[in-house]
Amino acid sequence: MECGAGGISDSYIVHTFKKRRVSKCCCTPSSERMAEIEASLPILHSPGYYTKPSLKELVAQELLDPGYCSRVPDFTVGRFGYGYVRLDPVKMREMKLLMFPDDEEVEDFSRKSSSSKEYVRPLQSSAQALTNRSTPPVIRKTPFPLLEYKHGNFDSNSPGAILMVQQHKGMPLRTVKAQGFKLDLKHETPVSGNYAHNIVDAGLFMGKSFRVGWGPNGILVHSGAPVGSAGDHKLLSSVVNLEKVAFDNLARDENKKVSEELVDYALVSPLDFHKGINHVTKDVEIGHCKLTLQKLEANRTTLSEISHQYCDIIERQLSVPGLSSSTRLGLTHQVMTWELIRVLFSDKEQKSPVESLGADNEEDMMQDTKEVCQDVDQEALPLMRRAEFSYWLRESVSYHVQNQISSLNDSHYLQHIFVLLTGRQLDEAVQLAVSKGDVRLACLLSQAGGSTVNRSDIARQLDLWRNKGLDFSFIEKDRLRLYELLAGNIHDALHDIKIDWRRFLGLLMWYKLPPDTSLPIAFQTYKHFLDEGTAPNPVPLFIDEGTSEEAINWKADKHFDISFYLMLLHASEETEFSFLKAMFSAFSSTPDPLDYHMIWHQREVLEAVGVINSNDLHILDMGFVSQLLCLGKCHWAIYVVLHLPLREDYPYLHVNLIREILFQYCENWSSDESQYRFIEELGIPTEWMHEALAIYYSYNGDLSKALEQFLQCANWQKAHTIFITSVAHKLFLQAKHTEIWRIATSMEDHKSEIENWDLGAGIYISFYLMRNSLQGDANAMTELDSLQSKNAACQDFVSQLNESLAVWGCRLPVDARVAYSKMASEICDLLLSAVGEGASRDEQFSCFDTAFSAPIPEDLRSGHLQDAVYLFTSFLSEIAT
């Protein structure tokens, strides 16, 4: 297809504006054939349109060569004075075969043209509308493997109509309501193998030029809809959608509205507490500016208090009404994570000596440690940490235990007991067995997880039964499961039962490993089973609970729970790990892939106490910065940037980030006095802030304020340009000469850094000095005692004005030229007023020459010319006499 503009020669003008009529009487076979051919050709309804070849020529060619109309070379439809569209059916057929290789052989165009009628309407829209009156639509297969387009549902006025018209030229089409492209869910995307709510860009497939694009602050502009999304989304490229990335989900209530109370609890309160902890500062020289980088300072003794404070903040957030279930689950997970950090990594001032107690008293021992008051034997510390971890594990799985118990039948008390054992609820299990009259089982349960001798006895008894050929069908299956668990055979006990990874870890630690096994060995044993594929994957809590509103495709090799990574950290004595990026990804603790607010604090604390050491977690840092910026907390975003580690390969990272925040979000922080002061207190160079404000005011057209900010940030060249082109002349015409003098003299000390100073602000300074001297001001810096000296000074000033007009040119508005004219007029008037009897004629005429060369209005120039003529006439009279 080829398009052009303009008209054509008169030889191609064909007047086909009136509808043709074919008489039904006296029709010969050739006339009947001609009428049939004419009926199959397009009709031009509006004047000014033409075809090449003309319609009459097409009829004649079709009579001589049947089928010619289906292969007309370079067929052209146009409008005089506007342009034309050239269609090549041969090229269109090649394009069709390329796009639809699986189609059957192309149907004969001549047969189609003989059985259909097409109408060409005036080109008043972006598409040519074709009307079909005979055969049904032709169904074509889409060339795109992931998309399915129903060609019968095609609107001739919809985007892409021209493309489809070309493809089906000569073929019948019918106009129906548009439905656009629909995703064929039988196929998966070749990149990820699944649907991740990607945007299908209808513009891409409809052949339009619009594509997906990103705007500032997370704005996505596209012409499509999410892959596999429900609803009545139409993938039409004529519809442009503006969507914002949901960085603020953490602050939305169950009605999806942002709550300021949630913003305070989720972002501001934790950061306020973080800021109140001790920090180590480091001054970094960057050019002539200085940044004060910060790093959290803490130790393992204070870690317990820090964790408790974060938990208190989260619990206050849990008390806010209107939270969604997924938000409450996420907050609960955060509390559990902080408690685990405290249990695994804190060093407390332990109290009186504690004797080695049995494993069944671990939780009691943990409670006792809160009441004693002297130093604890170092050998008891691992057992105390194990007891605290056991208590934490029991609390973290209690939700699963209660949910599972609620779904059991009361008659199946053995299943009930087994579920209680998976949560280490021994007292409840024993009481249940006693209430059912199963006293012997209750005795065994009371010793569960205790001495390894008891476990060995139970295991030997089971082996003895098997060796003796005992028929186990006479023993309840659930009772045998309990015996296997009490014997430490957790895999046999979990046969055909699935439990979450935390309870599996608990069974491993409580019933299989010896009661004095250290936590690192317990974690490593679980990791060994995990590598073998015989342990549940440590999936995040929101996947365990199954209440996430987002369809997260979890992959076992990518997103483990952050609790699991904390256990690996405790099991290793190193501080650098390969899994830190996965550990501090959003999916390790929340279904929101953009929520980094709490894991940033956890990373900060772990680094401060020396558990980890990493300087490449910038995705975490920038994710948190994006969240803060999205919610308007620019000052806190800068605070987070100042905590980024200093890297030699990116020495200007902090500078670029802070300046970008200041410039992009200037309206936010500049309009909030508290944010402005906070940024100043962080030690951010005020020059950067003034420069950002200057650019902001310039963008909004407030050039007077922009000038002041450029002066504050010492950008003398930019300030000088704005002063000359936008500010000075307005002040001059308003007679605000004191303000002009203040601004101009503030730049004068830096005139060596300013291009064209003498032809810019220097002119105003020269004007005021010149005016004072000509007026005889005693305080004038230059004394002009003779007419010759005054004229010389005025000549220099006039030359300076003329040169300035030539240099600045069109950058000077009309008002600036008016100001120049007023300055020149005032100086010339003062000069000519000094022309008196004491001066020679040459000096007097030279003063008039100076006035004539000045950029003054023509009426003033004419008045000075008359005075000069009068002076010359007087001179001639004197000579004559």
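Quick caveat, the model's predicted, so the values are computed rather than measured.
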_Working for side chain to side chain contact (heavy atoms under 4.5 Å, CB included), residues W636 and F678_ = CA-CA 9 Å; W636 284 118; F678 188 95; 3.6 Å; yes
*Please walk me through it: do Q709 and H690 pass side-chain hydrogen bond (donor to acceptor under 3.5 Å, both in side chains)?*
CA-CA 5 Å; Q709 296 301 326; H690 289 303; 2.7 Å; yes
*Stepwise, does the side chain to side chain contact (heavy atoms under 4.5 Å, CB included) test hold for L293 with L644?*
CA-CA 8 Å; L293 303 185; L644 290 175; over 6 Å; no
_Pair L831, L787 - check side chain to side chain contact (heavy atoms under 4.5 Å, CB included), show working._
CA-CA 8 Å; L831 174 63; L787 181 61; 4.2 Å; yes
_Would L291 and I658 count as a side chain to side chain contact (heavy atoms under 4.5 Å, CB included) here? Give the steps._
CA-CA 10 Å; L291 273 182; I658 293 174; 4.1 Å; yes
*asked:* Would K290 and E687 count as a salt bridge (charged side-chain N to carboxylate O under 4.0 Å, His left out) here? Give the steps.
replied: CA-CA 11 Å; K290 181 181 70 173; E687 293 87 347; over 6 Å; no
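Put simply, SG on C666 and CG on L693 are 4.0 Å apart, with the number rounded to the nearest 0.5 Å. Residue N615 holds its CG atom at 5.0 Å from CZ of R647, rounded to the nearest 0.5 Å. Taken from OG1 in T292 to CD1 in I684, the straight-line distance is 8.0 Å, to the nearest 0.5 Å. Here OH of Y696 is found 10.5 Å from CH2 of W669. Values are rounded to the nearest 0.5 Å. Here the CD-CG distance, from Q664 to L629, works out to 7.5 Å after rounding to the nearest 0.5 Å. The CG atom of D248 lies 12.0 Å from the OG atom of S626; values are rounded to the nearest 0.5 Å.
Side-chain contact between C634 and Q675 is present, with heavy atoms from C-beta onward closer than 4.5 Å. Between L271 and L628 the shortest side-chain heavy-atom distance falls below 4.5 Å. V625 places none of its side-chain heavy atoms less than 4.5 Å from the side chain of Y596. By the 4.5 Å heavy-atom criterion applied to side chains, Y820 and I763 are counted as neighbours. Within the 4.5 Å cutoff, the side chain of R659 has heavy atoms near those of the E691 side chain. The shortest side-chain heavy-atom distance between Q775 and N772 falls under the 4.5 Å cut-off. When side chains are defined from C-beta on, L653 does not count as touching V641, because their heavy atoms never get closer than 4.5 Å. Contact of the D867 side chain with the L832 side chain is not registered, since no non-hydrogen atoms from C-beta on lie closer than 4.5 Å.
With a 6.0 Å radius and a threshold of 12 heavy atoms from other residues, nucleotides or ligands, F852 has its CZ atom above the threshold. Atom CD of E667 is surrounded by 12 or fewer heavy atoms from other residues, nucleotides or ligands within 6.0 Å. Within a 6.0 Å sphere centred on CD of Q717, heavy atoms belonging to other residues, nucleotides or ligands number more than 12. In the displayed structure, L646 atom CG is contacted under 6.0 Å by more than 12 heavy atoms of other residues, nucleotides or ligands.
Taking all atoms of both residues into account, the shortest heavy-atom contact from R817 to L812 is NE-O, 3.7 Å. Between C794 and M770 the shortest heavy-atom distance is N-CE, 4.0 Å. A251 and L631 make their closest contact through CB-CD1, 4.4 Å (heavy atoms, listed as atom of the first residue, atom of the second, distance). Among all heavy-atom pairs drawn from F845 and A868, the shortest one is CE2-O, 4.0 Å. Summarising the geometry of H720 relative to A761, their closest heavy-atom pair is NE2-N, 3.0 Å, with the distance given to 0.1 Å. For the pair V727 and L707, the tightest heavy-atom approach, listed with the atom from each and the gap, is CG1-CD2, 3.8 Å.
Between W600 and H274, a ring centre-to-centre spacing shorter than 6.0 Å is recorded. Taking the six-membered ring for Trp and the full ring otherwise, H635 and Y639 have centroids separated by 6.0 Å or more. The six-membered or imidazole ring of H643 lies away from that of H654, with a centre-to-centre distance of 6.0 Å or more. Under the 6.0 Å cut-off for aromatic ring centres, F848 and H864 do not qualify, their centroids lying 6.0 Å or more apart. For F732 and F767, the distance between ring centers is under 6.0 angstrom.
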Would you tabulate the side-chain donor-acceptor contacts of residues 748-755 under 3.5 Å, counting partners in other chains and residues two or more places apart, or write 'none'?
| residue | atom | partner | partner atom | Å |
| --- | --- | --- | --- | --- |
| H750 | ND1 | W716 | NE1 | 3.4 |

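The backbone N or O of I856 lies less than 3.5 Å from a partner atom in the side chain of R861, making a donor-acceptor pair. At distances below 3.5 Å, not a single donor-acceptor pair connects side-chain atoms of Q800 with backbone N or O atoms of Q795. Side chain of N715 to main chain of K718: a donor-acceptor pair is present (N/O by atom type, distance under 3.5 Å, no hydrogens or angles). Under a 3.5 Å cut-off, the side chain of N700 and the backbone N or O of D702 do not form any donor-acceptor pair. Within the 3.5 Å criterion, the main-chain N or O of V280 finds no donor-acceptor partner in the side chain of Q294. At distances below 3.5 Å, at least one donor-acceptor pair connects side-chain atoms of S833 with backbone N or O atoms of L830.
Donor-acceptor pairing under 3.5 Å is lacking for the side chains of S874 and S877. For the 3.5 Å distance criterion, the side chains of Y676 and S670 fail to qualify, holding no donor opposite an acceptor.
A salt bridge is defined here as a Lys NZ or Arg NE, NH1 or NH2 lying under 4.0 Å from an Asp or Glu carboxylate O, and E673 with R677 meets this definition. Using a 4.0 Å cut-off between charged nitrogen and carboxylate oxygen, R252 and E260 do not count as a salt-bridge pair.
Ring geometry for W741 against Y768 counts as perpendicular: the plane angle is over 60°, on a 0 to 90° scale with 30° as the lower cut.
Legend: residues meeting ring-ring contact (aromatic ring centres under 6.0 Å, His included) with Y697, ordered by chain and number and at least two apart, are absent. In this structure, Y764 has no side chain to side chain donor-acceptor pair (under 3.5 Å) partners at least two apart in sequence or on a different chain.
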